[in-house]
Amino acid sequence: MELIDGIAVSDKLKNDIAQKVIELKQKGKKIPHLAAVLVGNDGASQTYVNAKVKACEKVGFDSTLLRFSSEISELELLNEIDKLNKDNSIDGYIVQLPLPKHIDEQKITQAISPAKDVDGFHPESLGKLVLNLPGFLPATPAGIVEMLRYYSIPTSGKHCVVIGRSNIVGTPMSLLMSRNATPGNCTVTITHSKTQNLSEITKQADILIVAIGKPEFVTADMVKEGAVVIDVGIHRIEDKSKKSGFRLLGDVKFDEVAPKCSYISPVPGGVGPMTIACLLKNTLLAVNS
Ligand code: NAD
């Protein structure tokens, strides 16, 4: 079993980006500038946004954090989006999800200028992904593709099973794995909450990508010997023995699944750091869009 080290792979990606920023500076060109919009005080969202802003600073990007109260109306937020679309100093921006219930997330996502859509959630970005055209790939699926590439994991002709069909992970992931590309060219099965006999399907997977959002859901009996397992889930579980007061778990029961795998990504230290690195990659791309 080989561990897929998301920290090492993301460090390599971030070092390459930092080098490109140095080159831009030397040529007197514009430094990439990422803005992040955070609505409300959700603890997890604040942690994710802070990590993204910090990562920007580390590679030499400019970054701006825009915070709004959870009371902001949909119209007011749309006005802020409009300002960001028109602001030439900002190359790309993200709106951290989830948003408060009174705001329609689809409306907000679709108001983001496709040229600044570094999260890759806009319909135009998703359309380009489907058509295998260059564009912004959603950061988490893109990060998984980068990990598979880094470890030269064979994908062509393999059976890839994806658990979960969310717009940000499962659905784009299944599309990326079935594209005529490397990594890609898999035969893909996408499973979801209405899927029957899930473990019969997962046991056929050469590559199993798990984005179900349930801690330690995938157990050893659901996995084929020699499979590649990518764990997307992140869960904070209260643990008083830890200084932080919690520990992180994935969607996969790592200790019992890992011995059966040829490769497995851990939580923490797997997909999470790759997501941030791919957001930075998209921001660099946005400078030229
Ligand atoms: P989601 O809740 O939007 O989607 C979960 C999916 O699981 C749904 O499509 C649902 O149909 C499917 N599902 C539910 N029960 C099922 C069952 N019994 N069998 C098969 N499928 C079932 O979640 P999401 O946004 O895709 O995130 C999934 C997990 O990944 C979460 O833990 C989230 O925190 C984590 N995540 C991590 C990163 C990262 O950077 N590491 C990024 C995004 C999400």
Side-chain angles (χ1 to χ4, degrees), residues 4-7 9-10 13-14 36 42-55 94-99 101 105-106 109 118-121 126 129 136-148 160-177 188-205 208-219 221-223 229-237 246-254 264-282:
I4 298 180
D5 184 346
I7 296 175
V9 186
S10 65
L13 208 59
K14 284 189 281 187
D42 177 67
S45 291
Q46 286 185 47
T47 308
Y48 294 143
V49 166
N50 287 338
K52 289 168 188 174
V53 169
K54 225 165 106 190
I94 58 165
V95 179
Q96 184 67 39
L97 303 178
L99 292 170
K101 293 232 167 351
E105 286 183 356
Q106 276 305 323
T109 303
V118 288
D119 254 340
F121 297 163
L126 191 60
L129 186 163
F136 299 117
L137 297 177
T140 301
I144 294 170
V145 169
E146 290 295 336
M147 294 201 300
L148 296 170
C160 174
V161 175
V162 179
I163 308 185
R165 60 176 165 190
S166 71
N167 291 343
I168 61 167
V169 188
T171 294
M173 193 69 239
S174 65
L175 292 164
L176 284 171
M177 295 305 281
V188 176
T189 304
I190 182 160
T191 66
H192 46 77
S193 54
K194 301 290 188 291
T195 297
Q196 294 179 359
N197 303 323
L198 180 67
S199 66
E200 291 309 311
I201 300 168
T202 58
K203 271 191 285 195
Q204 295 170 32
L208 179 62
I209 300 176
V210 191
I212 186 171
K214 296 182 182 174
E216 298 192 319
F217 179 86
V218 170
T219 46
D221 57 320
M222 297 171 73
V223 177
V229 174
I230 307 290
D231 188 353
V232 185
I234 306 182
H235 310 275
R236 278 184 185 207
I237 308 292
F246 64 86
R247 66 200 159 97
L248 292 176
L249 287 183
D251 285 350
V252 175
K253 205 160 191 177
F254 184 86
I264 184 166
S265 72
V267 177
V271 174
M274 290 305 299
T275 297
I276 295 193
C278 286
L279 174 68
L280 300 176
K281 195 177 162 196
N282 277 347

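Start at 1 and go down the list; that is how both ligands and their atoms are numbered.
Between Asp231 and Val271, the closest side-chain pair of non-hydrogen atoms is not below 4.5 Å. Looking only at side-chain heavy atoms (C-beta outward), Val223 and Leu208 come within less than 4.5 Å of each other. Looking at Leu129 and Pro138, their side chains come closer than 4.5 Å, going by heavy atoms from C-beta outward.
Taking each heavy atom of Glu105 and Leu99 in turn, the nearest pair found is OE2-N, 2.8 Å. The two atoms that bring Met222 and Thr202 nearest to each other are O-OG1, 2.7 Å, heavy atoms only. Taking all atoms of both residues into account, the shortest heavy-atom contact from Ile4 to Met147 is CG2-SD, 3.6 Å. Closest non-hydrogen pair, Pro141 versus Val169, comes out as CG-O, 3.9 Å. For Pro215 against Asp251, the heavy-atom pair with the smallest separation is N-OD1, 4.3 Å.
Closest protein heavy atom to atom 9 (O) of ligand 1: Arg165 N, 2.8 Å. Here the heavy atom of the protein found nearest to atom 11 (O) of ligand 1 is Ser193 N, 3.0 Å. Remark: minimum distance from atom 43 (C) of ligand 1 to any protein heavy atom is reached at Val169 CG2, 3.8 Å. Counting protein heavy atoms only, atom 42 (C) of ligand 1 is closest to Thr140 OG1, 3.3 Å. Annotation: atom 16 (C) of ligand 1 to nearest protein heavy atom, Ile212 CD1, 3.4 Å. Atom 31 (C) of ligand 1 has its closest protein heavy atom at Gly213 CA, 3.6 Å.
Atoms of ligand 1 lying under 4.0 Å from at least one heavy atom of Ser166, given by number and element, are 3 (O), 4 (O), 9 (O), 24 (P), 25 (O), 26 (O). Numbered from 1 in the order shown, with element, the atoms of ligand 1 that lie under 4.0 Å from a heavy atom of Ile163 read 20 (C), 21 (N). Near Gly272, the atoms of ligand 1 lying under 4.0 angstrom from a non-hydrogen atom of the residue are 40 (O), 41 (N). Contact atoms of ligand 1 toward Ile168: 25 (O) (distance under 4.0 Å to a heavy atom of the residue). Counting atoms of ligand 1 from 1 in the listed order, those under 4.0 Å from a heavy atom of Gly233 are 29 (C), 30 (O), 32 (O), 35 (C).
Judged purely by atom type and a 3.5 angstrom limit, Glu146 has no side-chain atom pairing as donor or acceptor with the backbone of Ala142. Side chain of Asp119 to main chain of Phe121: no donor-acceptor pair is present (N/O by atom type, distance under 3.5 Å, no hydrogens or angles). For His235 (side chain) and Ile237 (main-chain N/O), no donor-acceptor pair under 3.5 Å exists by modelled atom type.
With a heavy-atom cut-off of 4.0 Å, Val232 touches ligand 1 through backbone and side chain alike. Using a 4.0 Å cut-off between heavy atoms, Lys214 contacts ligand 1 through its side chain alone, with no backbone atom that close. When non-hydrogen atoms are compared, ligand 1 lies under 4.0 Å from the side chain of His235 (C-beta onward) but not from its backbone.
Distances shorter than 4.0 angstrom do not occur between any heavy atom of Gly170 and any atom of ligand 1.
Polar contact check, His192 against ligand 1: a nitrogen or oxygen pair lies under 3.5 Å apart. Looking at ligand 1, you won't find any N or O of Tyr48 less than 3.5 Å from one of its N or O atoms.
Closest heavy-atom approach to atom 28 (C) of ligand 1 within the set Pro138, Ala211, Gly250: this belongs to Ala211. For atom 32 (O) of ligand 1, the candidate residues are Asp231, Ile234, Thr275; the nearest heavy-atom contact is made by Ile234. Comparing Gly164, Gly270, Ser265 by heavy-atom distance to atom 6 (C) of ligand 1, the nearest is Gly164.
Residues satisfying the side chain to side chain contact (heavy atoms under 4.5 Å, CB included) criterion with Glu216, sequence neighbours excluded, are Leu249, Lys253.
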- [ ] Verify side-chain hydrogen bond (donor to acceptor under 3.5 Å, both in side chains) between Thr47 and Arg236, making sure each step is shown before the conclusion.
- [x] CA-CA 12 Å; Thr47 308; Arg236 278 184 185 207; 3.3 Å; yes
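Counting only heavy atoms, the protein never gets under 4.0 Å from atom 2 (O) of ligand 1.
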